[in-house]
Amino acid sequence: MRPLTDEETKAMFEKLSKYIGENIKLLVDRPDGSYCFRLHNDRVYYMSEKILKLATNISRDKLVSVGTCFGKFTKTKKFRLHITALDYLAPYAKFKVWVKPGAEQSFLYGNHVLKSGLGRITENTMQYQGVVVYSMADVPLGFGVAAKSTQECRRVDPMSIVVFHQADVGEFIRNEDTLT
Amino acid sequence: MGRKLDPTNKVKRGPGKKAKKQQGAETELTKFITDGEYCALYINYLQSGNLDQKMSQPLLPIERAAKKEKKLKETLALESDDDEEDEEDDSEEEGDEEEKSDADLDEEDTVQTNIDEMDKFRLPGAEETSKEGVLPLDLKTIHQRIKDNVDVLCNFSTKREEGKERTEYLSLLKKDLCTYYSYNNFLIEKLIDLFPLSELVDFLEANEIQRPVTIRTNTLKTRRRDLAQALINRGVNLDPLGKWSKVGLVIYDSSVPIGATPEYLAGQYMLQGASSFLPVMALSPQEGELVLDMSSAPGGKTTYIAQLMRNTGMIVANDANAERLKSVVGNIHRLGVTNTVICNYDGRQFPKVMGGFDRVLLDAPCSGTGVIAKDPAVKTSKDEADILRSAHLQKELILSAIDSVNAESPSGGYLVYCTCSIMVEENEWVVDYALKKRNVKLVPTGLDFGKEGFTRFKERRFHPSLRLSRRFYPHSHNMDGFFIAKLKKFSNVIPTAPAGKEASEATVVADSSQEKPSEGDKTKKTIPSKVSGSKEHAQPNGTAARKTANIKSKGKKDLSTGPKKAKVAKMDGEAVKEAEVKKPTAKIAEGTKASKADRKEGSRFETKQGKKTTNPMKTKNRMGKNKFNKLKYMLQKQDRK
């Protein structure tokens, strides 16, 4: 476990800012104690300093997970967000998409959100903006990228994709083995 | 979906049609045949068994009358096929049909005879039992015989047959239970020891039925009322679990898979057996504490702890199995728990990694005799060695769990020990062992139901405070069989540890050497001569240690501990060596010749035994010599009292 290098920090923050914008600083400067990011097994974990100290007791090969896993660095040094980061993305998300109850299931199985399943969308969403996907009951279900801007969404036919799927909570079951 | 435990199936199976099917054909049959008929069939069977020649002659015409029923019976038989071996001979089938029609014809009569015959339950003779070997009995008969047998055994003085011993009845009962419920002999015997006979059948019946599916609300994300509403909207039929839990819900049936609803995936609830709530409730973790969950997979109890602590403080979730830890990771993230460190140590090594926990939950690996409903393989796969092997592991784990607790913690210093086994060897025995070995005492679990733990069981006598532990059974509480004990550590000093460590080791050796010859173990035959010396040496160190040795040698000890110990010694070998490197320096500082001799003895045995886990506490709480002598004196005084 080690702190992130500058490049890694940059890669990760760029990715995070697509979803939560400048709210990133709320993650780093928290009123309830200092929190930090650490790299372990190519995965980025977000934890409080207290837990960090505790975790130093555990040898590297025996440590499985600390705090919350945000995502991992791929072999090509790109950062990929995991669904486990949803708890921190959802409250700070700038752009949101709500899916209709009928389309929930489809999204949770890893499919893109179609226009027909789109319940609501934040105004002024740009194309390719990172969005957090909610159910109509305001339960965060995952995140993705807007395929169309809000304006375009109004016009397109019902079967066209409006949000590209990136991660959904169904992965807790589907990809249990690769979460960490 | 690639999920091993697919709860969806279970839900559907739960209280619905399939559950009934699972109970086996015999229970299905009882619905069609009333009790009176049952007895009639049984009596008829007895008669036909004795006088089958005479009976079969006049009954042939009735066969024709019974043809109609044959079809009905065949449909029943189809259902019973999967469960039982019905290789019923033709002759027996005929008999059956005849009996049935007979029973139909004069029901009034049979009720009458039934009452008469009930009192006359008698043991089958030798010739009959030999016949049984050849002709497989039908299960209804066995079931009835079990009932009658239990009835007689419960009122033995009035209902017994003259000249028959209790043991004869018991052995027949055992045999019948084994065939009817398909257990192996060993487990049935254990269960007979454990339960009164009237309860035994209830217990075995309860093991054939699945427990209700229960879920726990994740209060970090939602409230129970909201969750219940959301699930009801999805077509789930549910109810609050009981007065004792504010977060539990029972699922009766559901039109959607309960383990894959969007609410589940969003982490609003956790599928968890009702019995798994209890240890965490007993642990009652407080906000801001440092808690260890020693065997955490799949994370149900860990997340419950986190939820009670409202995500404050710190939790260390450990499990020895790396594969199973993946589910812990998944569940912890799904439920939004952020205060957890997950690691993959062998629990026995944990005190070396870190200590000073406010509370420790030890859900020890066990034989699983409490969850036969979940895993019927337990019925036949366990034997004495398995039980004792897990008991041995549990003893090692409980000691290392105790060593991880910080007794001086202002809010805690508690350990909760629980297993999903109902065997005394894995529960009371283990806790009793811990009471002897460490400065811990039992405290009330804070659960207002459950049965008291045993303080005496067969030849074993446990500490009276084991009354405070709790047992839960499938038949009386409708949850998995479970055992919970809550211990409070009142001192970080390991009894007879710092300077007296060698002594306790020596007694252990002495202890094993006393038994070894009887076991016929040749490898350690050379030891006794050495041991006698070391034992004398150890004597001034207080009688407590010797006492434990005596008690232990009285109790039956398993054969498996021998080789197992050696293995552990190997595993811990490195650590022991390390400890030894430290020890000499400390000892020299003390500067006594006696202690040097001690060390020699100790190291000689330690390499062989290596059983003690080294404890970081030990160095911290090392006592000066004067202080030790004082303590020793006090202990001796106490012992004399």
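In what follows, every chain begins at residue 1, and chains take the letters A, B, ... in the order their sequences are listed.
Atom CE of A:Met126 sits in a sparse spot, with 12 or fewer heavy atoms from other residues, nucleotides or ligands closer than 6.0 Å. Within a 6.0 Å sphere centred on CZ of A:Arg30, heavy atoms belonging to other residues, nucleotides or ligands number more than 12. Around CZ of B:Arg234, the count of heavy atoms belonging to other residues, nucleotides or ligands within 6.0 Å exceeds 12. In this structure, A:Asp6 places its CG atom where only 12 or fewer heavy-atom neighbours from other residues, nucleotides or ligands lie under 6.0 Å away. Other residues, nucleotides and ligands contribute more than 12 heavy atoms inside 6.0 Å of the CZ atom of A:Arg38. Other residues, nucleotides and ligands contribute more than 12 heavy atoms inside 6.0 Å of the CZ atom of A:Arg2. For A:Glu123, the CD atom counts as densely surrounded, since its 6.0 Å shell holds more than 12 non-hydrogen atoms of other residues, nucleotides or ligands.
Of the atoms belonging to B:Val316, it is side-chain heavy atoms, and not backbone ones, that fall under 4.5 Å from chain A. Of the atoms belonging to B:Thr340, it is backbone heavy atoms, and not side-chain ones, that fall under 4.5 Å from chain A. Contacts between A:Gln105 and chain B at a heavy-atom distance below 4.5 Å involve the side chain alone, from C-beta outward. Within the 4.5 angstrom heavy-atom criterion, only side-chain atoms of B:Gln268, from C-beta onward, approach chain A. With a 4.5 angstrom heavy-atom cutoff, A:Ser65 touches chain B via backbone and side-chain atoms both. In this structure, chain B has heavy atoms under 4.5 Å from both the backbone and the side chain of A:Leu54. With a threshold of 4.5 angstrom between heavy atoms, A:Tyr88 approaches chain B through side-chain atoms but not through N, CA, C or O. Interface remark: A:Asp87 contributes side-chain atoms only to the contact with chain B (heavy atom separation under 4.5 Å). Of the atoms belonging to A:Thr68, heavy atoms from both backbone and side chain fall under 4.5 Å from chain B. Of the two parts of A:Ser59, the backbone and the side chain both hold a non-hydrogen atom closer than 4.5 Å to a non-hydrogen atom of chain B.
Distance NZ/A:Lys62 to CG/B:Asp346: 8.0 Å, rounded to 0.5 Å. With rounding to the nearest 0.5 angstrom, the CD1 atom of A:Ile51 is 6.5 Å from the CE atom of B:Met314. Interatomic distance, CG of B:Leu265 versus OG of A:Ser135, reported as 11.5 Å (0.5 Å rounding).
Taking both residues in full, the closest heavy atoms of A:Glu176 and B:Lys326 are given as CG-O, 3.8 Å, listed atom of the first, atom of the second, then distance. Of all heavy-atom pairs spanning B:Tyr345 and A:Ile58, the tightest one is CE1-CG2, 3.6 Å. Closest non-hydrogen pair, B:Ala266 versus A:Pro140, comes out as CB-O, 4.3 Å. Across all non-hydrogen atoms, the minimal contact from B:Gly259 to A:Ile173 is O-CD1, 3.4 Å.
Heavy-atom pairs under 4.5 Å with chain B were tallied for A:Val66, A:Leu141, A:Thr84; the largest tally goes to A:Thr84. Counting heavy-atom pairs closer than 4.5 Å to chain A, the top-ranked of the candidates B:Ser327, B:Gly313, B:Ala322, B:Gly330 is B:Ser327. Taking A:Asp61, A:Leu179, A:Leu108, A:Val139 one by one and counting their heavy-atom pairs under 4.5 Å with chain B, the maximum is reached by A:Leu108.
By the 4.5 Å heavy-atom criterion applied to side chains, A:Leu86 and B:His333 are not counted as neighbours. A heavy-atom distance below 4.5 Å is not found between the side chains of A:Lys50 and B:Leu290.
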